[in-house]
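Notes follow once the structure below has been shown.
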Amino acid sequence: MRILISNDDGVTAPGLAALHAALADYAQCTVIAPDQDKSGAGSSLTLDRPLHPQTLANGFISLNGTPTDCVHLGLNGLLAHTPDMVVSGINLGANLGDDVLYSGTVAAALEGRFLGGTSLAFSLVSRQPDNLPTAAHIARRLVQAQARLELPPRTVLNINIPNLPLEHIRGIQLTRLGHRARAAAPTKVVNPRGKEGYWIAVAGDAEDGGPGTDFHAVMQGYVSITPLQLDRTFNDAFERFEGWLEGVL
Ligand code: MN
């Protein structure tokens, strides 16, 4: 088993080291990660400049690009052997509901959709690293269990881990994505030279976070696993178009 590990918090992030340590004796692991924090990069590719991989002292490969760039190179020529799956994280901070649109952690796993094994994205519901050992233990168990799981191609698992010591984790729930309310307005700032700018505000609270959602599971102390697919076609909307196309052209 060959695993490509990436993240969006950057190559020096503690969650990346914790994930690598948890998987290093289970599989042949290669780490390719952004050289800086790329949280919020989503599935973006860098097209306006070349990417320069740099192998660090610990063997991790640092790249001046996005999480998607990292996995894209890892699957397309940078490595001597194609990985079997991508494991991303462990992100410090939740990736729940609408977050999957913006998350580089989830994007890295999605970029692994062409591989044989289902790729996994791990996030700890905390900005602090205190419970990373919990998340790393659960990540290892789920990566091992993934070998017994058969899912259609182009499926990834988005996994969120509550910010709790392992003994307080109540179990694992299979969930759907909830939804967040709109984020607060960006905060206006002025730099020392008088130039105005804006900080994007934190994500909105859960608006659809009831039982069955990823939000609810982690609030109740359960690990949340949401299977994601790339196909975002709104199949149920087709009937609304009946007759509408006639007369448009
Ligand atoms: Mn992040």
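Each ligand, and each atom within it, is numbered from 1 in the order the structure gives. Source: prediction; values computed, not measured.
- Computed with the Mn ion (ligand 1) at the centre, the D8 OD1 to N91 OD1 angle is 80°, stated to 10 degrees.
- In this structure, H179 has its ring center no closer than 6.0 Å to that of F215.
- The minimum distance between the Mn ion (ligand 1) and any N, O or S atom of D9 involves atom OD1.
- Annotation for M1: atom CE counts as buried by contact number, over 12 foreign heavy atoms lying within 6.0 Å.
- Across N95 and S123, no two heavy atoms sit closer than the pair ND2-OG, 2.9 Å.
- Classification of R180 and D205 as a salt-bridged pair fails, no side-chain N sitting under 4.0 Å from a carboxylate O.
- In summary, N7 places no N/O/S atom under 2.8 Å from the Mn ion (ligand 1), failing the contact criterion.
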